[in-house]
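Here is the structure we will look at, set down as structure tokens.
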Amino acid sequence: MLQRFTQALIPTVKETPAEATNASHILLMRGGFVRQIGAGIYNFLPLGLRVLRKIENVVRQEMDRAGAQEVLMPALLPGEYFKETGRWDLYGDVLFRIRDRKGGDYHLGPTHEEIITDMVRREVKSYRQLPLNLYQIQTKFRDEPRPRGGIMRGREFTMKDAYSFDVDEAGALKSYENMRDAYRRIFDRLGLTYRIVQADSGAIGGKTSAEFQVLADSGEDAIVACDACDYAANVEAAEIGQTPPGPEFPKEETREVHTPGKGAIADVAKFLKVNAKRFLKSLLYVTPASDAHPQGEVVMACVRGDHEVNEIKLANALGVREVHLATEADIERATGANVGYAGPIGFAGRVLVDPGGAELTNAVTGANKTDYHLMGVNLSRGDYKADVKDIRSASEGDPCPRCAARGESGKFKAYKGIEGGHIFILGTHYSSKMRATFLAQDGSEKPIVMGCYGIGISRLVASAVEQHHDADGIQWPQAIAPYHVHLCTLGTEPEVMQAAKGLCDALVERGIDVLWDDRDERPGVKFKDADLVGLPWRVTIGAKTLARSECELKARSNRDPKGHELLTLADAPEAIAVKLGMGR
RNA sequence: CUGGGUGUAGCUCAGUCCGGCCAGAGCGCCUGCUUCGGGAGCAGGAGAUCGCAGGUUCGAAUCCUGCCACCCAGACCA
């Protein structure tokens, strides 16, 4: 189609909006794609909506191709469904709750597992009706504690969510793999650089799950990927390969050293002139209250001084839902010392130690006595009793678990990612709670085995910009650019306008979408706006080139301001079509 | 939720400490002239309940109290 700039609402602005901090937010605002109307709430202007629709259509095509069927569930939901699975309470403040005129509980949908499960349990009775894969593209609502990054993390956002229904685990796994393949095609087609990473599946359901992480320095998620094989994982979930044993040092006697006023590892390391890597960092955590521990259990987590405790792994290792860092008072009560002097030796409670800490020889750690540390500590000698468990976050340089298992030496590289998609097998978590069952071939009643698969459509708009931009503006991948060609006419002479119209018609006839900047503006203004809006190809027609029946073609990705080629007006349509892969 | 910050023209900001010219600038917008290949020049013009409510004062954008909104860091994120 052809859109004339003079008839469009494309309010580009020169100045950086005060509230925008990251590149995508700034450029989407400046380019006139979106406007904020509240915290985490945005208008999509015409250009922004076109990008959103392009992404939706790619997703739709690939979901349909994968055998999924599109449905549409309401955004406004009666509370009873979430109450049925307990998420009415579990979701807490993130749920946007509403009352109707009769005082009934309603909420805006943050996700739709319950509703789809209800849809299916009403209709599906037999194994003959399975497997089934249903998806929707719908607006979701989450009252995020802190929306940020423009449409990157909004409180209202567009999401594609799909749900698979199978007769057994094997079937669910097949559905899962089918979706993973579909997601690969989607992310490839969108022109995004991404990694499929192993993820923590969170509190609800699933052992098998993967995130599609769009790589970008501004991403909120830390991920590690092996430099030798294709293993990649969220640092929260990354397994860590065994390090080969280092050289043996003679074990020293454990001894107490006076370290007055030095609590922090960096300070003690400097004071004792010992590398932080030789420290055993001891942190105290409290588990949620349970029958055995009505006040919660205080446990010690030990890692090497330069490593970080991973609370998710720690909670998993302890078999509890979550853990919280102990308060100062708890620490003093549990260790009998000020904060900064905790250590495993002589600690009364349970101690978990990471393998990296356990293998330390002659380590330094707190003495559970204010102003004192211990040197020459060795777990291998039996200086203290601890469960050795992987409880730390992976970081750059750690050995890859897959490679290590094969005796190879792949190492992690660290990346930042934006979670663009998340797939996982839910099992029967929802179906058993909601009695979504079917009659199997043998006549028995079984819960349906489910999977769920999300893609943050509006987030991908921002992700694409994060990955494809320069100092002047956006550089849309062709598949999601709002238009293919940005036509700049210089001057408004009838001949120029006529030639431009002719070119537009020829392009449109080939299925090419054109934004024609027909404004009476100076060339500089038009070029700046073209760079900002970021369509993949720019065509320029001015009196000079027109005199030779020529126009200019320049790729947005070409950084050379004069990096254009001359085409005759007659050849231009087909030449451009060929560039776009839309030639005849 | 904790801590910090900001609300003045469509946008970006100055003015607020230390109350008193008429509430300012740049960009954008409108009119005219000139200009026309990387955000032009000149001249003229429109545009503001200074976030809201209350208070102090002869007088409040400025001081006090309360509220609201937005941003940033963290916590949080099926």
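Just so it is clear, the model here is predicted, and its values are computed rather than measured. Just so we're on the same page: letters track the sequence lines, and every chain starts at 1.
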How would you label the contact of [X] with the nucleic acid (heavy atoms, under 4.0 Å): base, sugar-phosphate, or nothing?
{"X": "A:M159", "result": "base"}
{"X": "A:D93", "result": "nothing"}
{"X": "A:E220", "result": "nothing"}

A:Y183: partners by ring pair (Phe, Tyr, Trp, His ring centres under 6.0 Å), with sequence neighbours left out:
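In terms of ring pair (Phe, Tyr, Trp, His ring centres under 6.0 Å), with neighbours along the sequence ignored, A:Y183 is linked to A:F212.
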
Contacts of type side-chain hydrogen bond (donor to acceptor under 3.5 Å, both in side chains), residue A:D518, not counting sequence neighbours:
A:T6

For the rings on A:H486 and A:W516, is their centre-to-centre separation under 6.0 Å?
no

Could you check, using the six-membered ring where one of them is a Trp, whether A:W476 and A:F33 have ring centers closer than 6.0 angstrom?
yes

If you look only at pairs with a residue in residues 18-35 of chain A, which of them pass as a salt bridge (Lys or Arg N to Asp or Glu O under 4.0 Å), with sequence neighbours excluded?
none

Results of salt bridge (charged side-chain N to carboxylate O under 4.0 Å, His left out) for A:D105 - residues two or more places apart only
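Partners of A:D105 by the salt bridge (charged side-chain N to carboxylate O under 4.0 Å, His left out) criterion, ordered by chain and then number, come out as A:K83, A:R99.
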
Separation between the [atom1] atoms of [N] and [M], rounded to whole Å:
{"N": "B:G51", "M": "B:C11", "atom1": "P", "result": "13 Å"}
{"N": "B:U34", "M": "B:G19", "atom1": "C1'", "result": "47 Å"}
{"N": "B:C1", "M": "B:C21", "atom1": "C1'", "result": "47 Å"}

Ignoring the backbone of A:R142, work out which of B:A78, B:G74, B:G39 is nearest its side chain.
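So the side chain of A:R142 is nearest to B:A78.
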
What's the [atom1]-[atom2] distance between [X] and [N], to the nearest Å?
{"X": "A:E144", "N": "B:G74", "atom1": "CD", "atom2": "P", "value": "15 Å"}
{"X": "A:H422", "N": "B:C77", "atom1": "NE2", "atom2": "P", "value": "14 Å"}
{"X": "A:F96", "N": "B:C77", "atom1": "CZ", "atom2": "C1'", "value": "14 Å"}
{"X": "A:H486", "N": "B:G38", "atom1": "NE2", "atom2": "C1'", "value": "13 Å"}
{"X": "A:E236", "N": "B:A75", "atom1": "CD", "atom2": "P", "value": "11 Å"}
{"X": "A:D529", "N": "B:G28", "atom1": "CG", "atom2": "P", "value": "12 Å"}

Which nucleotides of nucleotides 30-37 of chain B have their base under 4.0 Å from a protein heavy atom (B), which only their sugar-phosphate (S), and which neither (-), written as one string 5' to 3'?
-----BSB

How would you summarise protein contacts on nucleotides 1-16 of chain B per nucleotide, using B for base, S for sugar-phosphate only and - for none, with heavy-atom distances below 4.0 Å?
B---------BSS---

Kindly say whether, by distance alone, the side chain of A:R30 makes a donor-acceptor pair under 3.5 Å with the base of B:G28?
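When only heavy-atom distances are counted, A:R30 does not reach the base of B:G28 through any donor-acceptor pair under 3.5 Å.
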
Start at the 5' end of RNA chain B and walk down; is the nucleotide closest to A:T21 or to A:K528 reached first?
A:K528

For A:E311 and for A:G150, locate the closest nucleotide of RNA chain B by heavy-atom distance; then report the residue assigned to the nucleotide nearer the 5' terminus.
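Closest to the 5' end, via its nearest nucleotide, is A:G150.
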
Can any side-chain N or O of [X] pair as donor or acceptor with the backbone N or O of [Y] at less than 3.5 Å?
{"X": "A:E114", "Y": "A:F82", "answer": "no"}
{"X": "A:R459", "Y": "A:E419", "answer": "yes"}
{"X": "A:Y453", "Y": "A:K160", "answer": "no"}

Within the structure, does a side-chain N or O atom of A:T111 lie under 4.0 Å from either OP1 or OP2 of B:A78?
no

Between A:N133 and A:Q69, a side-chain donor and acceptor under 3.5 Å:
no

